[in-house]
Amino acid sequence: MKIGLRNFIEHKWFSRVILSVILVNAVLIGMATNETVYQSYESTFVFLDILILSIFTIEIILKLILYRKDFFKDGWNVFDFIIVFGSLVLYNTHLVGVLRILRVLRVLRTISIVPSLKRLTSALFLAIPAIGSVTVLMGIIFYVYAIIGTSFFGEVAPEYFGDVGLSALTLFQVFTLESWASGVFRPVFAEMAWSWLYFVSFIIVSTFIILNLIVGEIVNNAQQLSEHAKEESEDMQKLMRNMDELKQMIREQNHHNKNKTG
């Protein structure tokens, strides 16, 4: 029975059905934000929400029966359990805001279903220590450039570089590349022609180099996880081949013993 349940849960069609339900749930949540549509089909929305929650509940129960304590060793399983359990507990309570958040979070279950998204998210979490170091480096760069900007452009553009705080905020706008040329750069450049060196160097260092470091770290972790998953798949295939060979040897031995007995 347990083998049959495992084959059922781990079958690709089971994952596809759950993924389809998650996507339908996402569409319904988006449609429900339209008050006119929701009020016109409120009973349908309520029925489908209960149906979707029931499907998710059955999925979690089946996985708990199969994996038992091992179920909670996977962080994604814990995430799924919290969302489904929280939705069940808070259903028809006064905590409508929390329930709405849990409904929206059901869409994030797509990550736990799709292996490629799971690897990418895992790579992002693995990159957090490196991102922390890069963030510290970026903070130092921001601080240095903020002091330079305040020293040289404080009198020319006090609304942007009046103090270190304003300078840091201005540099953040430049960092996002949002209206930095017309809004910040042009007025300063009109008064100080060499200021382009300041802005261009900051953009090159912060926007291009720093962000590339973060993206590179995430991509590197994703490649490592992909290679690790590939190795595990190859090991599993080897194990299955060895099992098949062992079964064949046992059959041949049994057949030989029968012939010998006969």
Side-chain angles (χ1 to χ4, degrees), residues 8-64 67 71-72 74-128 131-132 135 169-170 172-180 182-183 207 211 214-215 218-219 221-222 225:
F8 175 73
I9 291 176
E10 296 182 354
H11 197 279
K12 61 181 180 180
W13 283 107
F14 182 83
S15 299
R16 289 177 181 177
V17 169
I18 297 299
L19 178 60
S20 299
V21 174
I22 292 171
L23 295 178
V24 170
N25 177 69
V27 173
L28 290 174
I29 290 172
M31 293 175 64
T33 57
N34 188 316
E35 290 294 333
T36 304
V37 175
Y38 183 78
Q39 289 176 3
S40 302
Y41 303 96
E42 183 175 358
S43 58
T44 304
F45 277 106
V46 172
F47 170 75
L48 290 175
D49 186 66
I50 294 174
L51 178 62
I52 289 171
L53 184 56
S54 300
I55 293 172
F56 288 154
T57 304
I58 293 170
E59 177 207 2
I60 295 297
I61 291 173
L62 290 176
K63 288 184 176 180
L64 282 170
Y67 300 120
F71 176 84
F72 294 101
D74 189 336
W76 289 111
N77 287 340
V78 175
F79 176 75
D80 294 342
F81 179 82
I82 291 172
I83 291 175
V84 175
F85 183 75
S87 298
L88 289 171
V89 172
L90 297 175
Y91 210 87
N92 288 331
T93 64
H94 64 284
L95 299 174
V96 180
V98 180
L99 183 60
R100 285 178 179 173
I101 293 173
L102 288 171
R103 282 175 180 167
V104 174
L105 287 178
R106 290 182 203 169
V107 182
L108 292 178
R109 292 202 57 209
T110 310
I111 300 173
S112 64
I113 298 296
V114 181
S116 58
L117 291 178
K118 189 185 290 188
R119 281 198 301 270
L120 185 59
T121 307
S122 299
L124 180 60
F125 281 115
L126 288 174
I128 287 177
I131 292 175
T135 302
L169 188 61
T170 301
F172 184 78
Q173 179 182 344
V174 175
F175 171 74
T176 61
L177 302 178
E178 178 64 31
S179 302
W180 73 274
S182 59
T207 304
L211 285 183
I214 295 175
V215 172
I218 295 173
V219 170
N221 288 331
L225 288 173

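Reckoned from all heavy atoms, side chains included, excluding hydrogens, waters and symmetry mates.
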Less than 4.5 Å apart, side chain to side chain, heavy atoms only: is that true for [X] and [Y]?
X     : Y     : answer
Ile61 : Thr57 : yes
Phe56 : Ile83 : no
Asn77 : Phe72 : no

For Phe81 and Leu64, run side chain to side chain contact (heavy atoms under 4.5 Å, CB included): C-alpha distance rounded to whole Å, both residues' side-chain angles, the deciding distance at 0.1 Å, then the answer. CA-CA 10 Å; Phe81 179 82; Leu64 282 170; 4.2 Å; yes
Other residues, nucleotides and ligands only: do more than 12 of their heavy atoms fall within 6.0 Å of CZ on Phe47? no
Which atom of [X] lies closest to which atom of [Y], heavy atoms considered:
X     : Y     : result
Val37 : Phe45 : O-CE1, 3.8 Å
Lys63 : Phe71 : CB-CE1, 3.6 Å
Val84 : Leu53 : O-CD1, 4.2 Å

Return each pair, listed once, that meets side-chain hydrogen bond (donor to acceptor under 3.5 Å, both in side chains) where at least one residue sits in residues 37-53; pairs must be two or more places apart or across chains. Asp49-Tyr91, Asp49-Arg103, Asp49-Arg106
From [X] atom [atom1] to [Y] atom [atom2], the distance as rounded to the nearest 0.5 Å:
X     : Y     : atom1 : atom2 : value
Leu28 : Leu23 : CG    : CG    : 11.0 Å
Asp80 : Asp74 : CG    : CG    : 8.5 Å
Leu19 : Ser15 : CG    : OG    : 8.5 Å

For residues 16-35, pull every pair meeting ring-ring contact (aromatic ring centres under 6.0 Å, His included), keeping only residues two or more places apart or in separate chains. none
Is the backbone N or O of Ile18 less than 3.5 Å from a side-chain atom of Glu59, with the two atoms forming a donor-acceptor pair by type? no
